[in-house]
Amino acid sequence: MPRLSRLMSENLYDLLSSRGFVAQSTDAEMRQRLASPVATYVGFDPTADSLHVGSLVPIMGLKWLQQCGHKPLVLVGGATALVGDPSGKTAMRQMLTREDINRNAAAIAKQIGQVVRFDESATGAKLVNNADWLVNKSWIELLREVGPHFSVNRMLTMDSVKGRMENGGISFLEFNYMVMQAYDFVHLYRTEKCTVQMGGQDQWGNIIMGMELGRRTADADLAGLTFPLVTKSDGGKFGKSEQGNIWLSAERTPVYDFFQFWRNAADSDVAKFLGFFTALPMDEVKQLTAFYDERMNNAKEVLAYEVTKLIHGLTAADQALSDTKKAFGASHDVTGDSIPHANIQASELEAGIGLLPLLVRASLAASNGEAKRLVAGGGVSVHNDRIDDPGRKVTTADIKDGYVLLRAGKKKHFRFDVQ
RNA sequence: GGGUAGAUACCGAAGUGGCCAAACGGGGCAGACUGUAAAUCUGCUGGCUCACGCCUUCGAAGGUUCGAAUCCUUCUCUGCCCA
(Lines give C-alpha, C1' and ligand atoms only; values in the text may rest on other atoms or scores of the structure.)
Protein backbone atom coordinates (compact mmCIF):
# COMPACT_ATOMS: atom_id res chain seq x y z
CA MET A 1 0.00 0.00 0.00
CA PRO A 2 2.30 2.77 -1.12
CA ARG A 3 -0.44 5.37 -1.07
CA LEU A 4 -1.42 4.68 2.50
CA SER A 5 2.09 4.86 3.83
CA ARG A 6 2.62 8.10 2.04
CA LEU A 7 -0.45 9.48 3.75
CA MET A 8 0.65 8.23 7.11
CA SER A 9 3.78 10.26 6.87
CA GLU A 10 2.13 13.35 5.50
CA ASN A 11 1.45 16.17 7.90
CA LEU A 12 -2.24 16.49 8.55
CA TYR A 13 -2.12 20.25 8.42
CA ASP A 14 -0.56 20.28 4.96
CA LEU A 15 -3.05 17.76 3.77
CA LEU A 16 -6.02 19.62 5.15
CA SER A 17 -4.93 22.94 3.83
CA SER A 18 -4.21 21.55 0.37
CA ARG A 19 -7.74 20.19 0.25
CA GLY A 20 -9.34 23.42 1.40
CA PHE A 21 -10.26 22.31 4.90
CA VAL A 22 -8.62 25.07 6.85
CA ALA A 23 -10.61 28.21 7.49
CA GLN A 24 -8.91 29.40 10.64
CA SER A 25 -6.41 28.04 13.06
CA THR A 26 -5.87 29.20 16.61
CA ASP A 27 -2.26 28.35 16.55
CA ALA A 28 0.39 29.61 14.16
CA GLU A 29 2.30 26.46 14.94
CA MET A 30 -0.58 24.15 14.16
CA ARG A 31 1.54 22.34 11.63
CA GLN A 32 4.13 21.53 14.28
CA ARG A 33 1.49 20.48 16.70
CA LEU A 34 0.12 17.99 14.20
CA ALA A 35 3.53 16.56 13.40
CA SER A 36 3.09 13.98 16.11
CA PRO A 37 -0.10 12.09 16.96
CA VAL A 38 -2.72 14.00 18.91
CA ALA A 39 -6.22 13.22 20.06
CA THR A 40 -8.62 15.57 18.30
CA TYR A 41 -12.29 16.02 18.75
CA VAL A 42 -15.14 17.08 16.51
CA GLY A 43 -18.69 17.57 17.74
CA PHE A 44 -21.96 16.58 16.10
CA ASP A 45 -25.51 17.45 17.07
CA PRO A 46 -27.78 14.46 17.53
CA THR A 47 -30.90 16.45 16.72
CA ALA A 48 -31.92 14.12 13.89
CA ASP A 49 -31.39 10.46 13.19
CA SER A 50 -29.25 11.26 10.19
CA LEU A 51 -26.58 13.75 9.28
CA HIS A 52 -26.78 15.58 6.00
CA VAL A 53 -24.15 16.48 3.48
CA GLY A 54 -23.24 19.59 5.41
CA SER A 55 -21.64 17.35 8.03
CA LEU A 56 -19.53 15.68 5.44
CA VAL A 57 -16.77 18.24 5.85
CA PRO A 58 -16.09 17.46 9.50
CA ILE A 59 -16.50 13.75 8.77
CA MET A 60 -13.85 13.92 6.10
CA GLY A 61 -11.77 15.93 8.51
CA LEU A 62 -11.93 13.00 10.92
CA LYS A 63 -11.02 10.58 8.18
CA TRP A 64 -7.87 12.50 7.28
CA LEU A 65 -7.05 12.85 10.92
CA GLN A 66 -7.16 9.13 11.32
CA GLN A 67 -5.17 8.44 8.18
CA CYS A 68 -2.44 10.75 9.31
CA GLY A 69 -2.04 8.80 12.51
CA HIS A 70 -4.08 10.88 14.93
CA LYS A 71 -6.87 9.77 17.21
CA PRO A 72 -10.34 11.07 16.34
CA LEU A 73 -12.84 11.63 19.11
CA VAL A 74 -16.38 11.90 17.86
CA LEU A 75 -18.45 13.86 20.31
CA VAL A 76 -22.20 13.77 20.09
CA GLY A 77 -23.84 16.63 21.90
CA GLY A 78 -26.32 14.63 23.90
CA ALA A 79 -26.42 17.19 26.67
CA THR A 80 -26.63 20.14 24.38
CA ALA A 81 -29.38 18.54 22.34
CA LEU A 82 -31.21 17.79 25.55
CA VAL A 83 -31.90 21.41 26.22
CA GLY A 84 -32.84 22.04 22.62
CA ASP A 85 -30.60 24.16 20.50
CA PRO A 86 -32.22 27.58 20.21
CA SER A 87 -30.03 28.76 17.38
CA GLY A 88 -31.64 29.06 14.02
CA LYS A 89 -33.89 31.47 15.78
CA THR A 90 -37.20 30.42 14.32
CA ALA A 91 -39.54 28.76 16.79
CA MET A 92 -37.70 27.15 19.65
CA ARG A 93 -36.89 23.69 18.52
CA GLN A 94 -38.79 20.95 20.18
CA MET A 95 -37.01 19.35 23.04
CA LEU A 96 -35.91 15.84 22.41
CA THR A 97 -36.17 13.07 24.92
CA ARG A 98 -33.10 11.20 26.06
CA GLU A 99 -34.24 8.11 24.20
CA ASP A 100 -34.52 10.11 20.98
CA ILE A 101 -31.10 11.52 21.47
CA ASN A 102 -29.50 8.19 22.22
CA ARG A 103 -31.12 6.67 19.17
CA ASN A 104 -30.01 9.60 17.03
CA ALA A 105 -26.51 9.44 18.42
CA ALA A 106 -26.26 5.77 17.57
CA ALA A 107 -27.53 6.35 14.04
CA ILE A 108 -25.12 9.20 13.51
CA ALA A 109 -22.18 7.24 14.85
CA LYS A 110 -23.04 4.49 12.41
CA GLN A 111 -22.98 6.93 9.52
CA ILE A 112 -19.67 8.34 10.59
CA GLY A 113 -18.47 4.76 10.95
CA GLN A 114 -18.89 4.34 7.20
CA VAL A 115 -16.02 6.72 6.72
CA VAL A 116 -14.03 6.60 9.91
CA ARG A 117 -12.83 3.46 11.63
CA PHE A 118 -13.98 3.03 15.21
CA ASP A 119 -11.92 0.69 17.36
CA GLU A 120 -9.63 0.49 20.33
CA SER A 121 -6.40 1.04 18.47
CA ALA A 122 -4.21 4.11 18.78
CA THR A 123 -5.84 5.72 15.78
CA GLY A 124 -9.27 4.16 16.21
CA ALA A 125 -12.05 6.66 16.51
CA LYS A 126 -13.88 6.85 19.81
CA LEU A 127 -17.42 7.94 20.40
CA VAL A 128 -18.09 10.19 23.38
CA ASN A 129 -21.30 11.81 24.54
CA ASN A 130 -21.24 14.97 26.58
CA ALA A 131 -24.45 13.90 28.29
CA ASP A 132 -22.26 11.46 30.19
CA TRP A 133 -20.47 14.21 32.05
CA LEU A 134 -22.78 17.21 31.82
CA VAL A 135 -26.19 15.84 32.63
CA ASN A 136 -25.47 14.97 36.23
CA LYS A 137 -23.52 18.07 37.06
CA SER A 138 -25.35 20.31 39.41
CA TRP A 139 -25.79 23.95 38.65
CA ILE A 140 -23.91 25.08 41.72
CA GLU A 141 -21.12 22.65 41.12
CA LEU A 142 -20.65 23.84 37.57
CA LEU A 143 -20.87 27.48 38.54
CA ARG A 144 -18.17 27.05 41.17
CA GLU A 145 -15.99 25.02 38.90
CA VAL A 146 -16.01 27.05 35.73
CA GLY A 147 -17.98 30.19 36.53
CA PRO A 148 -15.00 32.19 37.84
CA HIS A 149 -13.06 31.53 34.66
CA PHE A 150 -15.54 32.97 32.24
CA SER A 151 -15.61 36.67 31.71
CA VAL A 152 -18.93 37.86 30.42
CA ASN A 153 -17.17 40.82 28.89
CA ARG A 154 -15.01 38.45 26.97
CA MET A 155 -17.91 36.29 25.92
CA LEU A 156 -19.73 39.31 24.64
CA THR A 157 -16.92 40.04 22.25
CA MET A 158 -17.34 36.68 20.53
CA ASP A 159 -18.64 37.04 17.01
CA SER A 160 -21.29 34.42 17.51
CA VAL A 161 -22.70 36.32 20.45
CA LYS A 162 -22.31 39.73 18.89
CA GLY A 163 -24.15 38.59 15.80
CA ARG A 164 -27.02 37.34 17.86
CA MET A 165 -27.12 40.47 19.97
CA GLU A 166 -27.44 42.55 16.86
CA ASN A 167 -30.28 40.65 15.36
CA GLY A 168 -32.83 39.23 17.69
CA GLY A 169 -30.97 38.88 20.91
CA ILE A 170 -29.59 35.83 22.62
CA SER A 171 -31.19 33.86 25.39
CA PHE A 172 -29.34 32.94 28.55
CA LEU A 173 -29.69 29.32 27.54
CA GLU A 174 -27.89 29.82 24.33
CA PHE A 175 -25.34 32.00 25.97
CA ASN A 176 -24.51 28.97 28.08
CA TYR A 177 -23.94 26.73 25.13
CA MET A 178 -20.54 28.18 24.87
CA VAL A 179 -19.82 27.26 28.45
CA MET A 180 -20.93 23.69 27.95
CA GLN A 181 -18.85 23.26 24.85
CA ALA A 182 -15.86 24.84 26.48
CA TYR A 183 -16.29 22.44 29.34
CA ASP A 184 -16.40 19.52 26.90
CA PHE A 185 -13.03 20.43 25.51
CA VAL A 186 -11.42 20.56 28.92
CA HIS A 187 -13.12 17.35 29.96
CA LEU A 188 -11.76 15.57 26.91
CA TYR A 189 -8.35 17.00 27.63
CA ARG A 190 -8.46 15.49 31.08
CA THR A 191 -9.91 12.15 30.12
CA GLU A 192 -8.57 11.55 26.63
CA LYS A 193 -5.58 13.86 26.40
CA CYS A 194 -7.40 15.68 23.65
CA THR A 195 -5.56 18.86 22.76
CA VAL A 196 -7.10 19.85 19.46
CA GLN A 197 -10.66 20.58 18.51
CA MET A 198 -11.90 20.92 14.98
CA GLY A 199 -15.27 22.10 13.79
CA GLY A 200 -17.24 24.34 11.48
CA GLN A 201 -16.50 28.01 11.33
CA ASP A 202 -19.44 28.73 13.58
CA GLN A 203 -17.65 26.83 16.31
CA TRP A 204 -14.72 29.23 16.44
CA GLY A 205 -15.90 31.10 19.49
CA ASN A 206 -16.68 27.91 21.36
CA ILE A 207 -13.28 26.51 20.56
CA ILE A 208 -11.55 29.62 21.82
CA MET A 209 -13.52 29.59 25.05
CA GLY A 210 -12.59 25.94 25.54
CA MET A 211 -8.93 26.76 25.05
CA GLU A 212 -9.08 29.59 27.55
CA LEU A 213 -10.91 27.50 30.08
CA GLY A 214 -8.33 24.77 29.64
CA ARG A 215 -5.49 27.16 30.21
CA ARG A 216 -7.05 28.56 33.36
CA THR A 217 -8.31 25.42 34.98
CA ALA A 218 -5.96 22.72 33.79
CA ASP A 219 -2.90 24.55 32.59
CA ALA A 220 -3.55 22.93 29.25
CA ASP A 221 -2.18 24.03 25.93
CA LEU A 222 -5.14 23.49 23.65
CA ALA A 223 -5.67 24.49 20.06
CA GLY A 224 -8.37 24.49 17.44
CA LEU A 225 -8.95 24.59 13.74
CA THR A 226 -12.10 25.43 11.85
CA PHE A 227 -13.36 24.16 8.55
CA PRO A 228 -14.77 26.58 6.03
CA LEU A 229 -18.45 26.83 5.43
CA VAL A 230 -19.14 25.09 2.15
CA THR A 231 -20.66 27.50 -0.29
CA LYS A 232 -21.85 27.12 -3.82
CA SER A 233 -20.46 29.40 -6.45
CA ASP A 234 -23.90 30.73 -7.28
CA GLY A 235 -24.41 31.77 -3.69
CA GLY A 236 -27.09 29.18 -3.02
CA LYS A 237 -27.15 27.09 0.10
CA PHE A 238 -25.05 23.98 -0.11
CA GLY A 239 -26.75 20.71 0.63
CA LYS A 240 -30.26 21.68 -0.32
CA SER A 241 -32.19 20.42 -3.27
CA GLU A 242 -35.75 21.04 -4.35
CA GLN A 243 -36.69 18.21 -2.02
CA GLY A 244 -34.94 19.76 0.96
CA ASN A 245 -31.80 18.61 2.68
CA ILE A 246 -29.60 15.96 1.17
CA TRP A 247 -29.23 13.39 3.92
CA LEU A 248 -26.69 10.70 4.38
CA SER A 249 -29.27 8.06 5.15
CA ALA A 250 -30.73 6.19 2.21
CA GLU A 251 -34.15 6.21 3.86
CA ARG A 252 -34.23 9.97 3.84
CA THR A 253 -32.43 10.56 0.57
CA PRO A 254 -32.46 7.61 -1.83
CA VAL A 255 -29.06 6.68 -3.19
CA TYR A 256 -30.08 7.62 -6.70
CA ASP A 257 -31.05 11.13 -5.58
CA PHE A 258 -27.88 11.38 -3.55
CA PHE A 259 -25.85 10.49 -6.61
CA GLN A 260 -27.77 12.96 -8.75
CA PHE A 261 -27.17 15.73 -6.24
CA TRP A 262 -23.43 15.48 -6.78
CA ARG A 263 -23.75 14.76 -10.46
CA ASN A 264 -25.59 18.07 -10.87
CA ALA A 265 -22.96 20.19 -9.17
CA ALA A 266 -22.00 23.39 -10.95
CA ASP A 267 -18.74 23.31 -12.92
CA SER A 268 -17.21 25.91 -10.68
CA ASP A 269 -17.88 23.83 -7.58
CA VAL A 270 -16.56 20.49 -8.77
CA ALA A 271 -12.89 20.94 -7.90
CA LYS A 272 -13.76 22.24 -4.46
CA PHE A 273 -16.17 19.39 -3.82
CA LEU A 274 -13.68 16.79 -4.97
CA GLY A 275 -11.21 18.20 -2.49
CA PHE A 276 -13.69 18.20 0.34
CA PHE A 277 -15.71 15.11 -0.21
CA THR A 278 -13.48 12.54 -1.87
CA ALA A 279 -10.12 11.06 -1.10
CA LEU A 280 -8.75 11.55 -4.61
CA PRO A 281 -5.23 12.95 -4.64
CA MET A 282 -5.29 16.65 -5.40
CA ASP A 283 -3.21 16.37 -8.55
CA GLU A 284 -5.81 14.00 -9.90
CA VAL A 285 -8.51 16.48 -8.97
CA LYS A 286 -6.66 19.18 -10.85
CA GLN A 287 -6.45 17.02 -13.94
CA LEU A 288 -10.08 16.10 -13.82
CA THR A 289 -11.23 19.66 -13.51
CA ALA A 290 -8.74 21.31 -15.80
CA PHE A 291 -11.20 22.06 -18.57
CA TYR A 292 -14.32 24.13 -18.19
CA ASP A 293 -16.33 22.40 -20.86
CA GLU A 294 -18.17 19.15 -21.40
CA ARG A 295 -15.14 17.31 -20.10
CA MET A 296 -16.25 18.54 -16.72
CA ASN A 297 -19.03 15.98 -16.88
CA ASN A 298 -16.51 13.27 -16.34
CA ALA A 299 -15.29 14.97 -13.19
CA LYS A 300 -18.86 15.25 -11.93
CA GLU A 301 -19.39 11.59 -12.52
CA VAL A 302 -16.27 10.81 -10.54
CA LEU A 303 -17.43 13.14 -7.78
CA ALA A 304 -20.85 11.54 -7.57
CA TYR A 305 -19.44 8.06 -7.71
CA GLU A 306 -16.77 8.63 -5.09
CA VAL A 307 -19.03 10.34 -2.59
CA THR A 308 -21.75 7.76 -3.05
CA LYS A 309 -19.22 5.00 -2.57
CA LEU A 310 -17.95 6.60 0.58
CA ILE A 311 -21.37 6.94 2.15
CA HIS A 312 -23.41 4.14 0.66
CA GLY A 313 -20.77 1.64 -0.29
CA LEU A 314 -19.33 0.23 -3.47
CA THR A 315 -22.31 -1.80 -4.62
CA ALA A 316 -24.78 1.05 -4.27
CA ALA A 317 -22.40 3.43 -6.00
CA ASP A 318 -21.86 1.07 -8.93
CA GLN A 319 -25.57 0.62 -9.25
CA ALA A 320 -26.30 4.35 -9.15
CA LEU A 321 -23.57 5.04 -11.68
CA SER A 322 -24.67 2.44 -14.18
CA ASP A 323 -28.37 3.25 -13.79
CA THR A 324 -27.60 6.90 -14.29
CA LYS A 325 -25.51 6.28 -17.36
CA LYS A 326 -28.24 4.19 -18.89
CA ALA A 327 -30.98 6.64 -18.05
CA PHE A 328 -29.16 9.67 -19.39
CA GLY A 329 -27.40 7.88 -22.21
CA ALA A 330 -28.61 7.44 -25.74
CA SER A 331 -30.74 4.45 -24.84
CA HIS A 332 -32.71 6.25 -22.13
CA ASP A 333 -32.88 2.97 -20.34
CA VAL A 334 -34.63 3.60 -17.05
CA THR A 335 -35.05 0.02 -15.90
CA GLY A 336 -32.29 0.24 -13.31
CA ASP A 337 -33.18 -0.76 -9.77
CA SER A 338 -32.10 2.50 -8.23
CA ILE A 339 -34.27 4.60 -10.53
CA PRO A 340 -37.24 5.79 -8.49
CA HIS A 341 -40.04 3.35 -9.13
CA ALA A 342 -43.13 1.67 -7.76
CA ASN A 343 -45.54 -1.00 -8.79
CA ILE A 344 -48.90 -0.36 -10.36
CA GLN A 345 -51.69 -2.82 -10.97
CA ALA A 346 -52.61 -3.52 -14.57
CA SER A 347 -56.25 -3.23 -13.58
CA GLU A 348 -55.71 0.42 -12.64
CA LEU A 349 -54.41 1.17 -16.08
CA GLU A 350 -57.22 -0.73 -17.74
CA ALA A 351 -59.63 1.57 -16.00
CA GLY A 352 -57.47 4.56 -16.91
CA ILE A 353 -55.88 6.67 -14.23
CA GLY A 354 -55.57 10.46 -14.27
CA LEU A 355 -52.13 11.77 -15.12
CA LEU A 356 -52.20 14.41 -12.39
CA PRO A 357 -52.85 12.09 -9.47
CA LEU A 358 -50.30 9.72 -10.88
CA LEU A 359 -47.68 12.47 -10.85
CA VAL A 360 -48.52 13.11 -7.24
CA ARG A 361 -48.27 9.42 -6.49
CA ALA A 362 -44.81 9.39 -8.02
CA SER A 363 -43.83 12.35 -5.83
CA LEU A 364 -43.07 14.31 -8.95
CA ALA A 365 -45.58 16.89 -7.78
CA ALA A 366 -46.83 17.77 -4.33
CA SER A 367 -50.45 18.33 -5.29
CA ASN A 368 -52.74 18.01 -8.24
CA GLY A 369 -52.48 21.73 -8.72
CA GLU A 370 -48.73 21.58 -8.89
CA ALA A 371 -48.95 18.65 -11.28
CA LYS A 372 -51.27 20.64 -13.45
CA ARG A 373 -48.94 23.60 -13.52
CA LEU A 374 -46.15 21.29 -14.41
CA VAL A 375 -48.14 19.95 -17.36
CA ALA A 376 -49.18 23.44 -18.40
CA GLY A 377 -45.55 24.49 -18.34
CA GLY A 378 -44.62 21.70 -20.70
CA GLY A 379 -42.60 19.80 -18.16
CA VAL A 380 -44.33 16.43 -18.20
CA SER A 381 -43.76 13.49 -20.48
CA VAL A 382 -45.02 9.94 -20.53
CA HIS A 383 -42.08 7.98 -21.86
CA ASN A 384 -40.77 10.45 -24.41
CA ASP A 385 -43.98 12.16 -25.41
CA ARG A 386 -44.67 15.52 -23.91
CA ILE A 387 -48.19 15.82 -22.53
CA ASP A 388 -50.14 19.08 -22.84
CA ASP A 389 -53.51 17.88 -21.68
CA PRO A 390 -53.91 17.91 -17.90
CA GLY A 391 -56.99 15.73 -18.25
CA ARG A 392 -54.99 12.99 -19.93
CA LYS A 393 -55.59 9.47 -18.68
CA VAL A 394 -52.79 7.00 -18.39
CA THR A 395 -53.92 3.65 -19.72
CA THR A 396 -52.64 0.29 -20.83
CA ALA A 397 -51.76 1.94 -24.13
CA ASP A 398 -48.95 3.73 -22.29
CA ILE A 399 -47.27 0.54 -21.17
CA LYS A 400 -43.96 0.03 -22.88
CA ASP A 401 -41.77 -2.95 -22.07
CA GLY A 402 -43.82 -3.61 -18.98
CA TYR A 403 -43.65 -0.19 -17.42
CA VAL A 404 -44.92 3.36 -17.64
CA LEU A 405 -42.38 6.12 -17.31
CA LEU A 406 -43.30 9.58 -16.10
CA ARG A 407 -40.93 12.46 -16.52
CA ALA A 408 -41.03 15.81 -14.80
CA GLY A 409 -38.49 18.04 -16.36
CA LYS A 410 -35.49 16.53 -18.01
CA LYS A 411 -33.84 15.01 -15.01
CA LYS A 412 -36.56 13.62 -12.85
CA HIS A 413 -38.24 10.41 -13.78
CA PHE A 414 -40.39 7.83 -12.12
CA ARG A 415 -41.09 4.34 -13.35
CA PHE A 416 -44.29 2.44 -12.69
CA ASP A 417 -43.76 -1.27 -13.14
CA VAL A 418 -46.99 -2.88 -14.28
CA GLN A 419 -48.01 -5.93 -12.35
C1' G B 1 -42.98 45.97 36.09
C1' G B 2 -43.60 50.76 32.73
C1' G B 3 -43.34 52.65 27.78
C1' U B 4 -42.97 51.75 22.64
C1' A B 5 -42.69 49.31 17.81
C1' G B 6 -43.99 45.04 15.58
C1' A B 7 -46.09 39.70 14.05
C1' U B 8 -48.39 39.09 6.32
C1' A B 9 -47.45 33.11 2.10
C1' C B 10 -40.70 29.23 1.75
C1' C B 11 -37.71 34.03 3.07
C1' G B 12 -37.59 39.45 2.89
C1' A B 13 -41.23 43.08 2.33
C1' A B 14 -45.87 46.14 0.55
C1' G B 15 -50.91 46.49 1.65
C1' U B 16 -54.32 50.16 6.79
C1' G B 17 -62.63 48.47 5.29
C1' G B 18 -64.79 45.97 -0.70
C1' C B 19 -60.80 46.39 -6.92
C1' C B 20 -56.79 40.87 -1.80
C1' A B 21 -55.30 34.27 -2.73
C1' A B 22 -52.86 39.33 -1.19
C1' A B 23 -47.90 44.15 -4.99
C1' C B 24 -42.61 43.67 -5.43
C1' G B 25 -37.83 41.13 -4.64
C1' G B 26 -35.29 36.62 -3.46
C1' G B 27 -35.70 31.48 -3.52
C1' G B 28 -38.00 27.26 -5.90
C1' C B 29 -40.13 24.60 -10.24
C1' A B 30 -40.77 24.31 -15.55
C1' G B 31 -39.70 25.83 -20.81
C1' A B 32 -35.93 27.69 -24.51
C1' C B 33 -30.54 27.49 -25.18
C1' U B 34 -26.79 23.74 -23.38
C1' G B 35 -22.80 19.45 -21.42
C1' U B 36 -27.70 16.19 -16.40
C1' A B 37 -23.08 22.95 -16.00
C1' A B 38 -23.24 28.29 -15.57
C1' A B 39 -25.21 32.72 -17.53
C1' U B 40 -29.45 34.64 -20.12
C1' C B 41 -34.56 35.00 -21.64
C1' U B 42 -39.85 33.22 -20.77
C1' G B 43 -43.81 31.09 -17.80
C1' C B 44 -45.56 29.31 -13.11
C1' U B 45 -45.28 29.56 -7.75
C1' G B 46 -52.19 28.20 -1.33
C1' G B 47 -55.82 23.69 -1.80
C1' C B 48 -59.98 21.31 -4.53
C1' U B 49 -62.15 21.43 -9.48
C1' C B 50 -62.20 20.43 -16.96
C1' A B 51 -64.38 24.89 -15.71
C1' C B 52 -68.07 28.81 -13.61
C1' G B 53 -66.69 28.44 -8.85
C1' C B 54 -65.81 26.76 -3.92
C1' C B 55 -62.59 26.25 0.41
C1' U B 56 -58.38 27.59 3.75
C1' U B 57 -54.67 31.61 4.61
C1' C B 58 -52.13 37.89 6.67
C1' G B 59 -49.59 35.69 15.25
C1' A B 60 -54.40 33.37 18.43
C1' A B 61 -59.42 33.81 20.03
C1' G B 62 -63.62 36.69 20.07
C1' G B 63 -66.41 41.11 18.26
C1' U B 64 -68.20 45.36 14.91
C1' U B 65 -69.84 45.39 9.66
C1' C B 66 -73.78 43.75 4.03
C1' G B 67 -68.31 43.00 3.66
C1' A B 68 -62.07 42.54 7.66
C1' A B 69 -55.05 41.23 6.39
C1' U B 70 -57.06 46.20 7.29
C1' C B 71 -61.57 48.67 12.78
C1' C B 72 -62.46 47.13 18.29
C1' U B 73 -61.41 43.74 22.70
C1' U B 74 -58.52 40.18 25.07
C1' C B 75 -54.41 36.99 24.70
C1' U B 76 -49.50 35.02 22.94
C1' C B 77 -44.77 36.02 21.13
C1' U B 78 -40.58 39.31 19.48
C1' G B 79 -37.49 43.78 19.16
C1' C B 80 -36.15 48.46 21.35
C1' C B 81 -36.10 52.05 25.52
C1' C B 82 -36.75 52.81 30.85
C1' A B 83 -36.87 50.59 35.74
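Keep in mind the model is a prediction, meaning the values are calculated, not measured. Keep in mind that the numbers below use all heavy atoms, side chains included, and drop hydrogens, waters and symmetry copies. By convention in this document, chain letters (A, B, ...) are assigned in the order of the sequence lines, proteins followed by strands, and residues within each chain are numbered from 1.
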Taking only the C1' atom of each, what is the distance from B/C11 to B/U45 in whole angstrom?
14 Å

Rounded to the nearest Å, what distance is computed from the OH atom of residue A/Tyr292 to the P atom of nucleotide B/A39?
13 Å

Can a donor-acceptor pair be found, under 3.5 Å and without considering hydrogens, that links the side chain of A/Lys126 to the backbone of A/Asp119?
no

In whole Å, measure the gap between the P atoms of B/C20 and B/G28 for me.
29 Å

May I have the distance from A/Lys411 (atom NZ) to B/G28 (atom P), rounded to whole angstrom?
12 Å

Would you verify whether the NZ or CZ of A/Arg19 falls within 45 degrees of the ring axis of A/Phe21 while also being under 6.0 Å from that six-membered ring's centre?
no

Using atom P in both nucleotides, what's the gap between B/U16 and B/A69 to the nearest angstrom?
13 Å

Could you tell me the separation between the CZ atom of A/Arg392 and the P atom of B/C50, rounded to a whole number of Å?
16 Å

Measuring only the P atom in each nucleotide, how far is B/U42 from B/G47? A whole number of Å is fine.
25 Å

Nearest-angstrom distance from the residue atom CZ of A/Phe273 to C1' of B/A38:
14 Å

What is the nucleic acid contact for A/Asn368, judged by heavy atoms within less than 4.0 Å: base, sugar-phosphate only, or nothing?
sugar-phosphate

Could you tell me how far B/G15 sits from B/C24 if I compare only their P atoms? Round to whole Å.
15 Å

Quick one: are the ring centres of A/Tyr183 and A/Phe185 less than 6.0 Å apart?
no

Checking N1-N3 plus N6-O4 or O6-N4 for Watson-Crick, or N1-O2 and O6-N3 for wobble, each under 3.5 Å, the partner of B/G1 is B/C82

In whole Å, what separates the C1' atom of B/U4 from that of B/C54?
43 Å

Whole-Å distance between B/U36 C1' and A/Ile339 CD1?
12 Å

Select base, sugar-phosphate, or nothing to describe what A/Gly369 touches, counting heavy atoms under 4.0 Å on all strands.
sugar-phosphate

With a 3.5 Å limit on both atom pairs, tell me what B/G59 is paired to, counting Watson-Crick and G-U wobble, or say none.
B/C75

Between B/G47 atom P and A/Leu356 atom CG, what is the distance in whole Å?
12 Å

Measure the acute angle between the ring planes of A/His413 and A/Tyr256, then classify it against the limits of 30° and 60° as parallel, tilted or perpendicular.
tilted

RNA chain B: A/Leu374 or A/Glu294, which has the more 5' nearest nucleotide?
A/Leu374

Tell me what A/Arg373 touches on the nucleic acid: a base, only sugar-phosphate, or nothing, going by heavy atoms under 4.0 Å.
sugar-phosphate

With hydrogens left out and only the distance checked, is there a donor-acceptor pair under 3.5 Å joining A/Lys412's side chain and the base of B/U36?
no

Find the partner of B/C19: check Watson-Crick (N1-N3 plus N6-O4 or O6-N4) and G-U wobble (N1-O2, O6-N3) distances, both under 3.5 Å, and reply none if neither fits.
none

In whole Å, measure the gap between the P atoms of B/G46 and B/A22 for me.
9 Å

Using Watson-Crick or G-U wobble geometry with both distances below 3.5 Å, tell me the partner of B/A51, or none.
none

Mapping A/Glu370 and A/Met296 onto RNA chain B by nearest heavy atom, which one lands closer to the 5' end?
A/Met296

What does B/C33 pair with, Watson-Crick or G-U, if both distances are under 3.5 Å?
none

When you measure only distances, ignoring hydrogens and angles, does the side chain of A/Gln260 come within 3.5 Å of the base of B/U36 through a donor and an acceptor?
yes

Atom-pair distance (CZ on A/Arg263; C1' on B/G35), nearest Å:
8 Å

Over 60° means perpendicular and under 30° means parallel, so classify the ring planes of A/Trp262 and A/Phe273, tilted if in between.
perpendicular

How far does the C1' atom of B/C75 sit from the matching atom of B/G27, given to the nearest Å?
34 Å

How would you label the contact of A/Ser268 with the nucleic acid (heavy atoms, under 4.0 Å): base, sugar-phosphate, or nothing?
nothing

A/Lys372 near the nucleic acid: base, sugar-phosphate alone, or nothing, with a heavy-atom cut-off under 4.0 Å?
base

Report which part of the nucleic acid A/Arg386 touches: base, sugar-phosphate, or nothing (heavy-atom distance under 4.0 Å, all strands).
sugar-phosphate

When you measure from the side chain of A/His341 to the backbone of A/Ile339, do you find a donor-acceptor pair of N or O atoms at a distance under 3.5 Å?
yes

Does A/Asn343 offer a backbone N or O that forms a donor-acceptor pair with the side chain of A/Gln419 under 3.5 Å?
no

d(CZ, A/Phe261; C1', B/A37) in whole Å
14 Å

